[in-house]
Structure formats: structure tokens, C-alpha cells
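Computed from a predicted model, the values in this text were never measured in an experiment.
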Amino acid sequence: MNQELTYEAAMERLEALAREMEGGNVAIDKLATKLKEAQQLLAFCRDKLTKADAEVQQLLGEGPVA
């Protein structure tokens with residue numbers, strides 16, 4: 001996954017993928033590729049949120065220092 005990708009950009013891409021798939025605009029031959037990309041973007045976003053949460057907890061003094 002692109003290290004320069006932002007959370008917001010990843011979410012925008014996920015929303016675009018969802019619209020494509022929901023609208024039936026994805027050829028069956030490309031569906032697996034689109035789903036794999038969506039899974040990678042979801043993992044990226046989950047990681048970003050987990051790290052942000054840990055940083056906030058640390059700043060608030062409520063969590064362990066990572």
C-alpha cells in the first residue's frame with residue numbers, strides 16, 4: 001500500500017469502489033481485483049485508526065506508551 005496515502009484518500013477510494021460494485025459497474029473479471037483492493041484499503045484505514053487512537057490515549061495519559 002502506498003505509504004503516502006492518507007486516511008481520507010483511502011476512504012474516498014473505498015467509497016468509489018463500493019459505488020462501482022453496488023451499481024453493477026464492475027466486470028466480473030475485475031471483481032476479485034476490486035475486492036482485494038478494498039480489503040487492502042480497509043486494513044490500511046483500520047491501522048491508521050488504531051495508531052491514532054493509541055496516540056490519543058497516550059496523550060491523555062490513559063494508555064501505555066508504544
Legend entry - Nearest-0.5 Å distance that lies between atom CD in Glu12 and atom CG in Leu17: 12.0 Å
Inset, instruction - Starting at CD of Glu8, measure out to NZ of Lys48 and round the result to the nearest 0.5 Å. - result: 9.0 Å
Inset, instruction - State plainly whether the residues Lys34 and Glu22 are in salt-bridge range, i.e. N to O under 4.0 Å. - result: no
Inset, instruction - Could you please spell out the steps behind the side chain to side chain contact (heavy atoms under 4.5 Å, CB included) verdict for Asp53 and Leu49? - result: CA-CA 6 Å; Asp53 183 56; Leu49 288 174; over 6 Å; no
Legend entry - Minimal non-hydrogen separation, Cys45 against Leu14, with atom names: SG-CD1, 4.2 Å
Inset, instruction - First locate atom CD of Glu20, then atom NZ of Lys30, and finally report the distance between them rounded to the nearest 0.5 Å. - result: 10.0 Å
Legend entry - Test log, rule side chain to side chain contact (heavy atoms under 4.5 Å, CB included), inputs Leu41 and Leu5: CA-CA 10 Å; Leu41 288 166; Leu5 183 66; 3.8 Å; yes
Inset, instruction - Report the distance from atom CZ of Arg46 to atom OH of Tyr7, rounding to the nearest 0.5 Å. - result: 11.0 Å
